[in-house]
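Let me begin by presenting the structure, written as structure tokens, before commenting on it.
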Amino acid sequence: MCGIVGYVGNNNAQKVIVSGLHRLEYRGYDSAGLSLWNPDTGELDTVKTSGKIGELESCLEHELPPGTTRPIGIGHTRWATHGAPNQVNAHPHLSQTGDFSIVHNGIIENYSALKSRLLANGFSFTSDTDSEVLAHLIEQCYDGDLTRAVTAALEQIEGTYGICVISKLHPDKIIAARQGSPIAVGICHNETVIASDISAIVQHTDRVVFLNDGDILTATADDTEILSHKNVPIAREATLIDWDIGQIEKGGFDHFMLKEIHEQPSAIANATRGRLLLKEGTAKLDGMKMTSREISRVDRILIVACGTSLYAAMIGKYLFEDYADIPTEVQQAAEFRYRNPIIEPNTCVLAISQSGETADTLAAVREAMRKGAEVLSICNVVGSTIARETGRGVYLHAGPEIGVASTKAISCQITILTMMALIFGRTHRLSMQKGREIVDYLSQLPKLAQKVLDQETAIQAVADKYASYENAFFIGRGYMYPAALEGALKLKEISYIHAEGYHAAELKHGPIALLNGDVPLIGLALNIPGRNKTCSNLQEARARNTPVIAIATEGHRDIEKHCDDIIQIPECPEFLAPICVIIAEQLLSYYIAKLRGCEIDQPRNLAKSVTVE
Ligand code: G6P
């Protein structure tokens, strides 16, 4: 949550930071600001505003007229935790004298105690944020050495942070530090770009160094030095990032979300490329770094995740149990971390996270590792904290996902889970013949996904008809149950329609009380096990005047008598049905949100990556 950009070099820092903040806007977008050192006055020019980066740009036009090139600065786009999203609470925050400016992601848990102490020492506060204490602490600790002052201030802090600091007294350097909130450093020629997320860096360089918790970075235009929290210099390897800049542009689509929905056939093809072994009827995921012997010993899988990744995990449970015969449990990551979970010697813990930065999932990973578990991860963002800390895992290779609502990430997560289930299955009881069938289907998945996308116009017509309703229910059974939960999540996230997903059998245990002509029901009634029972549920709903949309297998016309509208999905095996259905749900949600005039790529109150609890 929140985005940070810092720049020092020969170019115009303002331009680099504003363009970087645009790239990070998907992480938080309720207020924004920047501080730049002005070589003409020797002062820090700071401009802040509530609202999005576009509003910051308008303010900059008035407040910082062009003419002076400012070579160093820091910027921030905020997702409010402490204090309302207004101009005063926006970052950067200045110290009492205005000599120091900081941007901060994370939460300073002991900020009240620190604030009282600073107030008693004569410091005054202008904002309601926890972050402002850090600016004052740095000033209080300053003895002529900026890095030392930041280190001393951070020693007093409890909580999480990713920070950048500049000072007019040292207009050639940025200090950055990390504890629980990511900071990446772009290694460029004669300039250094620092950001909380590589999407603000990839237009400058493909070589990135990720800070670890406890690292403190001192960066100038042509040098970077990292110290550990014990003040020992550390060498950190640069990671090569193979994103191309086109991947973080909208490429002619109205929204990133629509672009990413349409990228699914190619994203799935990338996720499976070189990983399917038809002859052996299995897959290879080298990142798992597990021998067949180690895999064969696994007798329980425990998956931890949040949000949409949690629904991918639920589908993973069906896959592991059906194809690998391994009992699998899914736990919301926050539940896992606080519940003192039972981990037996042969339990394999699997963390799923698109961003690889979700605070609860990361904490769950650390807790599982502390308990001695084998921990694997499935992440999309290369070099992300969860990917690095688990050390064993599989990347989606889906390319950057910018829209806040997860789309191509979930379909690739399920694809990877299917391959993992196949690998586990083949080292347990799954036959070569069955394995080959699965591999064959997986290789056809990009085409299947494209067939769903080909239904776009028909789905748009359904969206037109239902966009004005304020409530909706999604129901499904078996593999369709998590798909129903995800359908409801997607719809509520981006259209603000109150939507709930239920197991179809649960309808009668309460939700049916709410059904009437104003609450459409989306029934996942594909031609897979459970269909007939779900069709009965659709009938029960229709008997209460509820408008029913069926997501159904194409060619099965008898569904018409159970519903008002149909969204058709190509014939596919049960284990691939969730991906097809989820793509249809994404299109339905997208077009409904568009008709309702919603901010699709940046829905209110949400953030792409939830890096605070
Ligand atoms: C946020 C995002 C969701 C995402 C969830 C988990 O809530 O808005 O789209 O599913 O975080 O994120 P992760 O990166 O761990 O998959």
Side-chain angles (χ1 to χ4, degrees), residues 3-24 34-47 53 57 60 64 66-76 92 100-103 145-147 150 162-178 182-212 215-227 233-249 382-383:
I4 285 179
V5 187
Y7 176 84
V8 51
N10 299 328
N11 280 316
N12 182 343
Q14 178 176 332
K15 249 174 124 175
V16 176
I17 292 169
V18 169
S19 119
L21 290 177
H22 270 297
R23 302 272 185 222
L24 298 187
L34 46 67
S35 274
L36 301 158
W37 178 68
N38 184 336
D40 298 342
T41 61
E43 296 296 323
L44 296 176
D45 294 335
T46 298
V47 178
I53 310 302
E57 283 179 293
L60 285 168
L64 295 187
T68 304
T69 297
R70 296 166 174 87
I72 179 167
I74 52 177
H76 190 263
F100 303 89
S101 177
I102 65 116
V103 288
D145 183 318
L146 186 56
T147 310
V150 174
I163 58 161
C164 275
V165 182
I166 55 170
S167 168
K168 70 175 196 187
L169 308 173
H170 299 269
D172 61 338
K173 59 180 68 157
I174 303 181
I175 314 298
R178 170 197 163 126
I183 293 284
V185 189
I187 307 298
C188 321
H189 184 61
N190 284 339
E191 57 183 3
T192 303
V193 187
I194 303 168
S196 51
D197 182 323
I198 52 177
S199 33
I201 296 180
V202 285
Q203 72 222 74
H204 303 283
T205 176
D206 57 1
R207 290 183 59 228
V208 173
V209 169
F210 295 97
L211 296 195
N212 280 3
D215 286 358
I216 298 187
L217 166 89
T218 304
T220 58
D222 44 26
D223 194 25
T224 54
E225 189 190 31
I226 301 175
L227 296 178
I234 325 174
R236 295 240 177 269
E237 292 277 298
T239 304
L240 207 63
I241 306 294
D242 66 352
W243 289 7
D244 83 58
I245 196 78
Q247 289 178 302
I248 51 174
E249 308 280 352
V382 175

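As the structure is a computational prediction, the values presented were derived from the model and not from experiment.
- Rounded to the nearest 0.5 Å, atoms CD1 (I17) and NE2 (H76) are 12.5 Å apart.
- Within the 4.5 Å cutoff, no side-chain heavy atoms of I166 are placed close to those of F100.
- A heavy-atom distance below 4.5 Å is not found between the side chains of P39 and P171.
- Using a 4.5 Å heavy-atom threshold, the side chains of I174 and V165 count as separate.
- Note: S167 OG to W37 CH2 = 11.0 Å, rounded to the nearest 0.5 Å.
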Query raised in the report: Run the side-chain contact (heavy atoms from CB on, under 4.5 Å) check on V18 and E57 step by step: do they pass?
Result: CA-CA 8 Å; V18 169; E57 283 179 293; 3.5 Å; yes
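- Closest heavy-atom contact between S35 and T46: OG-OG1, 2.6 Å.
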Requested in this report: Please assess I4 against I74 for the test side-chain contact (heavy atoms from CB on, under 4.5 Å), listing each intermediate value before the final yes or no.
Outcome: CA-CA 7 Å; I4 285 179; I74 52 177; over 6 Å; no
Under 3.5 Å donor-acceptor pairs involving side-chain atoms of residues 216-226, not counting sequence neighbours:
unit_1: T218; atom_1: OG1; unit_2: T147; atom_2: OG1; d: 2.9
unit_1: T220; atom_1: OG1; unit_2: D223; atom_2: N; d: 3.2
unit_1: T220; atom_1: OG1; unit_2: D223; atom_2: O; d: 3.3

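- For the atom pair CD1 of I194 and CZ of R178, the computed distance is 14.5 Å after rounding to the nearest 0.5 Å.
- For the pair T192/V185, a side-chain contact is recorded, criterion being any heavy-atom separation below 4.5 Å from C-beta on.
- L21 approaches G3 most closely through the heavy-atom pair CD2-O, 4.2 Å.
- Counting heavy atoms from C-beta on, the side chains of V193 and C188 come closer than 4.5 Å.
- You'll find the side chain of L36 stays beyond 4.5 Å of the side chain of T68, heavy atoms only.
- To the nearest 0.5 Å, the span separating CD1 on I163 from CD1 on I183 amounts to 8.0 Å.
- Across S19 and Q203, no two heavy atoms sit closer than the pair OG-NE2, 2.9 Å.
- Separating the OG atom in S196 from the CG atom in L24 is a distance of 5.0 Å, to the nearest 0.5 Å.
- Residue D242 qualifies as open at atom CG: its count of foreign heavy atoms under 6.0 Å is 12 or below.
- The backbone N or O of I187 lies less than 3.5 Å from a partner atom in the side chain of T205, making a donor-acceptor pair.
- Ion pairing of E237 with R207 is absent here, as no side-chain N (NZ or NE/NH1/NH2) approaches a carboxylate O to less than 4.0 Å.
- Note that CZ of R236 is 4.0 Å distant from CG of D215, once rounded to the nearest 0.5 Å.
- Under the 4.5 Å side-chain criterion, counting only non-hydrogen atoms from C-beta, F210 is not in contact with P182.
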Please list, one pair per line, the donor and acceptor atoms closer than 3.5 Å that link side chains of residues 5-13 to other protein atoms, with sequence neighbours excluded.
unit_1: Y7; atom_1: OH; unit_2: N10; atom_2: N; d: 3.4
unit_1: Y7; atom_1: OH; unit_2: N11; atom_2: N; d: 3.0
unit_1: Y7; atom_1: OH; unit_2: E191; atom_2: OE1; d: 2.4
unit_1: N11; atom_1: ND2; unit_2: E191; atom_2: OE1; d: 3.1
unit_1: N12; atom_1: OD1; unit_2: Q14; atom_2: N; d: 3.0

Requested in this report: Please lay out, stage by stage, how R70 and L64 fare under the test side-chain contact (heavy atoms from CB on, under 4.5 Å).
Outcome: CA-CA 10 Å; R70 296 166 174 87; L64 295 187; 3.8 Å; yes
